[in-house]
Amino acid sequence: MSISQADVQRIAQLARLQLSEAELVAYSVQLRAIVSFVDQLQAVDTVGVEPMVHAIELSNVLAADEVRAGLSRGQALANSPDHDAECFRVPAVLG
Amino acid sequence: MELHLASAAEISRQLVTKQISAKEVVHHFLSRISRLDAGLNAFVHIDTELSLHQAEQIDNRRASGDALNPLAGVPIAIKDLLCTTDMPTTCGSRFCAGYMSPYDGTVIARMRAAGMPWLGKTNLDEFAMGGSTETSIFGATRNPWDVGRTSGGSSGGSAACVAAGLAPLAIGTDTGGSIRQPAAFCGVSGFKPTYGSVSRYGVVAYASSLDQVGPMAHTVEDLALAMDVISGHDPLDSTSLPRVAPGYAAGLSQTPLRFRVGVVREQIESEGLNPEVRAAIVNALSVLKDCGGEVREISLPHSKSWVPAYYVIAPCEASSNLSRFDGAHFGFRAASGDGEKSSSPLVDMYSRTRSQGFGAEVKRRIMLGTYALSAGYYDAYYLKALQVRRLIRHDFDLAFQDVDLLVGPVTPNVAFRLGEKVDDPLQMYLEDLYTVGANLAGLPALAIPCGRSQAGLPIGVQLQGKPLDDAFVLQIGHRYQQAIGWRPSPAPLS
C-alpha cells in the first residue's frame, strides 16, 4: 500500500496538524518511504496469532474506590495558557 | 581520588564514613558542569542553589544520625522527560518549554526520599523520539569522546554527562534503545529493566507499552544501587509489576558459576555490523567464557521484523499519547490566527498549536501512527504489528529455554557524526535494529562498554535476559566488569 499526498492531508487533519504545501510534499515523500519499509510485515505469517498489546500482560488492575487528595484548582490552572482563575479558557468550539 | 573518577558506590562510601560532605560532592560536579557543559550541551536546566540546598539537607540528616539510603548525598542528573516540581520539564520541546509540573513522578519522589540531590535536567530528543538528541529544541548533545559526533539518543544528555564526569549517575528512559544506544556511544553503562519494573507515573509518555525508565552510570554496581532506589511496585502505574523488587545491589555477588550464553546468529552475521564492533563483541564473549559462560549460537527467526514492528507500534501509541498536547490546559498555545473566519476556532487553535509546538520528527511519528490506526488501515498495520510482536516474543521465549542470557551488539556502528542522519529518517530508524527487540518483548537489557574503535570511540555490548531476570543480567554484567578491571573512565576533556 502506497501512501498518497491526499492520504497525508487527511491524516494531518485527523492529527490536528496544519501542513504547508511544501511540508505536505516533504512529509509525503518521507512517510511513503517509511510505510513502504514497514509494509514488509505483510509477508509475515500471523494466522492464528493473538495480538500482543503489552510486553507483560497484566489484567484487572484496579484501585480501591477511595477519595484521595488531587491537585488544587490553583495547581491545575498554573500552567494554563489562558484561564480566569476558575476555568481554562479556550477559543469557541463553533465559529 | 577526584570525585568524577569515582563510582557512585565509592562516593557513597566516602559520604557514609564522613570523609566528604554531600555539599562538597555536589559542588565538585557543579563546577565541572559550569566549566565543561558548554562544549557538550548535556544539561538543559541547572539550579545550583537548589542542588546545594538539597545536599545540605542530606548532610544535616546524616549529622543527626538518621538512617540513610546508600545513595543519599550522591547526586544524579535527570532526563528532562520526568516530571519534577522543582525544575522545569521541557521534554526537549517547544510545547513544554518552561512547564513546571505540579507533581513529582514516582521515580523522582523515590530519589528525593532517598536524599539524592539533582544536578539538573538533561537533554533529549524531543519527546524521546530519536536516536541522536538532534531533535531537541536545545540542539544536539555532543559526544564527549568526539564532539563532532552525536552522544546518541534519546537519552543523549544523560549518557554524555556521565561519560564526561559531570554526574556520577543519571536517569534515562528507553523505548526502542534510548538508554542503551547512548550508553554504548558514550562508553558508559545503561540498563533498561523488565517492563513494569520501574514506575512510569510522572514520565511523559511516548509509547506506553514500550517505555521504561532506567539508570545510567559508569559501573553495573552503580546501576544496581540506583535500581534499588527507583524500582518496585507503584499503585499509581497500572502497568507496574505487582511485586516487591529484589535487592539488586545485594544480589550482585551471587553470580552462578556456570551460565549459558546465546549469540544471535541474525545479529552477529548481519552485513551492516561494523567489523570493529563485531570484534569487540567477540572479545566480550571470550571474557564471559572465562567467567563461566558457555556460548552457543541461537536464532531469533523474526529478527528482521523488529524494526518495522517497532515503527508501527511506537508511532501508533505516540499518536495517542501526544493528543493531550493541544494548547488547552498547559504548555504552548499558538497565537490566534489573523481574524479569518473559521468553522471551529478551537480546532484551528489545536492545529496551529500542534504544528508550531512539535518538531518534524514528532510530527512524522504522529502522522505515521494516525495512519496506521485509521479506519481501513488498523488491521493491516497496528493489529498486524501486534501479532508480529507476539511472534518476536515467542522467539525469545524459545531461545531462553536453551540459554540464560543473550549477548550481542548494541549498535551496528560507533557514534555517527552530527547531521549525518538527520535528512533520512529511515536511516536513523535502522540504527535501532539490535535494541528494539527488548522493548517489544519487555525483557531486561543491559549495555556496558566492551572496547573502543581504532579512532577511540566507545563500543558497547548488550546483555539481555528473560523477563524478570534483571538481577541475573546485572550479576553477569558486574562479573564482566570485575573480570576486565573496569573503572569509571570519563572522557578526557580539557
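Order of the sequence lines fixes the chain letters, A, B, ..., with proteins taken first and strands second; residue numbering starts at 1 for each chain. Being a predicted model, the structure only gives us computed values, none of them experimental.
Proximity to chain B involves both the backbone and the side chain of A/Gln18, based on heavy atoms less than 4.5 angstrom apart. Heavy-atom distances place the side chain of A/Gln30, and not its backbone, under 4.5 Å from chain B. Heavy atoms of A/Leu58 lying under 4.5 Å from chain B belong exclusively to its side chain. Residue B/Thr353 does not touch chain A at all, counting heavy-atom pairs closer than 4.5 Å. With a threshold of 4.5 angstrom between heavy atoms, B/His394 does not approach chain A through any atom at all. Looking at A/Glu23, only its side chain comes within 4.5 Å of chain B, counting heavy atoms on both sides. Contact annotation for A/Ile11: both backbone and side-chain heavy atoms come within less than 4.5 Å of a heavy atom of chain B. Only the side chain of B/Phe358 comes within contact range of chain A, judged by heavy atoms closer than 4.5 Å. Using a 4.5 Å cut-off between heavy atoms, A/Asp7 contacts chain B through its side chain alone, with no backbone atom that close.
Looking at every heavy atom in both residues, B/Ala441 comes nearest to A/Ala55 through C-CB, 3.9 Å. Closest approach of A/Leu94 to B/Pro345, counting heavy atoms only: C-CD, 3.8 Å. Across all non-hydrogen atoms, the minimal contact from B/Pro102 to A/Gln75 is O-NE2, 3.9 Å. For A/Gln42 against B/Lys384, the heavy-atom pair with the smallest separation is O-NZ, 3.9 Å.
To the nearest 0.5 Å, atoms CD1 (A/Ile34) and CE (B/Met367) are separated by 9.0 Å. Rounded to the nearest 0.5 angstrom, A/Arg16 CZ and B/Leu322 CG are separated by 15.5 Å.
A 4.5 Å side-chain heavy-atom check between A/Val35 and B/Tyr371 finds at least one atom pair inside the cut-off. Between B/Pro242 and A/Val61 there is no side-chain heavy-atom pair separated by less than 4.5 Å. In this structure, the side chains of A/Val53 and B/Leu386 come closer than 4.5 Å at one or more pairs of heavy atoms.
Using modelled atom types, one side-chain atom of B/Gln387 and one backbone atom of A/Val49 make a donor-acceptor pair closer than 3.5 Å.
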